[in-house]
Colleague: 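Before I ask anything, here is the structure I am working with.
Counting starts at 1 for both ligands and their atoms, following the listed order.
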Amino acid sequence: MSQIQPGLLWVVATPIGHRDDFSARAIETLRKVAVIAAEDTRHSRPLLMHYNIGTPLVALHEHNEREVVDAIVRRLLGGESVALISDAGTPLISDPGFRLVRAARAAGIRCVPVPGACAAIAALSVAGLPSDRFVFEGFLPPKAAARRSRLQELAGDARTLIFYESSHRVAESLADMRDVFGEAREGVLARELTKLFETVIGEPLGELATRVANDPDQQRGECVILVAGRGEEADAREAEGRRVFAILREELPPAKAAKLAAAITGAPRKLLYEG
Ligand code: SAM
């Protein structure tokens, strides 16, 4: 008796905004598989209907991934092919799917990528920041103390930093980045990529944080924040920041002196204040 060939797990990227950013191969794959595992079936249905994809859907999200993975792996081992999609962009990139892909690979199932949109890469491609080396940090912790300590860990990294952020925290996060990385470090806010109100603003973090804090329109929609890595000039800037801080400190309270020294020299306010 011939053995059943295991099915394939297709990991398929969907658009991050513009519906046409959906490859012909992605559409064809989603039409031909036995089932599509989707993060939120209600969210994906309109897109799939638009492309006449009538394949049955099962939900696979962060709250049921553990339970659903076993059932999907059994179907794959039984010879059915399965596609994995998320609400937008590439599955597993700040989205569910890691457990499924890991379990499928452990069971000897071939996992096939069908690449496409990814907000981090789309943002990097237009940010004008060095793209030869970069680090994807996903979402920062939502609580301020944990967020600042994560930023602190990254302050010395020379690679371009890429963060996902939700619109209601973007102003807070940019203010923290300004304080930890310094006013002068270049930042880019890439909002609503591939959508009607697509905006990409690149300027020193001091200016970017102020602009976003003062403009509620910049706090809407979906966004990626990119920050230039620590440059070679940072040592000189920090030395100058310390010198100016020491002078101002003789006349002013430390918080005020650090704020002014940071604004004058571009050195990180947090570094001056905390020594
Ligand atoms: N898997 C997706 C990908 O490949 O980019 C990311 C999913 S994650 C849950 C959603 C976050 O991605 C948003 O909060 C935002 O930071 C970013 N994002 C998604 N679509 C975007 C867009 N059109 N413009 C800017 N950022 C976007």
Colleague: Taking the side chain as every heavy atom from C-beta outward, state whether E39 and I85 have any atom pair closer than 4.5 Å.
Modeller: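 No; the side chains remain at least 4.5 Å from each other.
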Colleague: Answer yes if the side chains of S167 and R220 hold a donor-acceptor pair under 3.5 Å, and no otherwise.
Modeller: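 On atom types as modelled, these side chains do not qualify, holding no pair under 3.5 Å.
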Colleague: For residues 26-33, which side-chain N or O atoms pair as donor and acceptor with protein atoms under 3.5 Å away, sequence neighbours left out?
Modeller:
residue	atom	partner	partner atom	Å
T29	OG1	R25	O	2.6
R31	NE	Y51	O	3.4
R31	NE	N52	O	3.4
R31	NH2	Y51	O	2.7

Colleague: Return the set of residues passing ring-ring contact (aromatic ring centres under 6.0 Å, His included) with F134 (not counting sequence neighbours), or none when no residue passes.
Modeller: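 For F134 there are no ring-ring contact (aromatic ring centres under 6.0 Å, His included) partners, ignoring immediate neighbours.
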Colleague: Which pairs, with at least one residue in residues 115-128 and sequence neighbours excluded, count as a salt bridge (charged side-chain N to carboxylate O under 4.0 Å, His left out)?
Modeller: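 The answer is none; no pair qualifies.
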Colleague: Taking side chain as C-beta onward, heavy atoms only, is I36 less than 4.5 Å from V12?
Modeller: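 A side-chain contact is absent here, since even the closest heavy-atom pair is not under 4.5 Å.
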Colleague: Please tabulate protein-ligand N/O pairs under 3.5 Å for ligand 1, atom names and distances to 0.1 Å.
Modeller:
residue	atom	partner	partner atom	Å
ligand 1	1 (N)	A88	O	3.1
ligand 1	1 (N)	T90	O	3.0
ligand 1	1 (N)	I93	O	2.9
ligand 1	1 (N)	D95	OD2	2.8
ligand 1	4 (O)	T90	N	2.8
ligand 1	5 (O)	A119	N	2.8
ligand 1	5 (O)	Y164	OH	2.7
ligand 1	16 (O)	E165	N	3.4
ligand 1	16 (O)	C223	O	2.6
ligand 1	20 (N)	E222	OE1	3.3
ligand 1	23 (N)	I16	O	3.0
ligand 1	23 (N)	L193	N	3.4
ligand 1	23 (N)	L193	O	3.0
ligand 1	24 (N)	L193	N	2.9

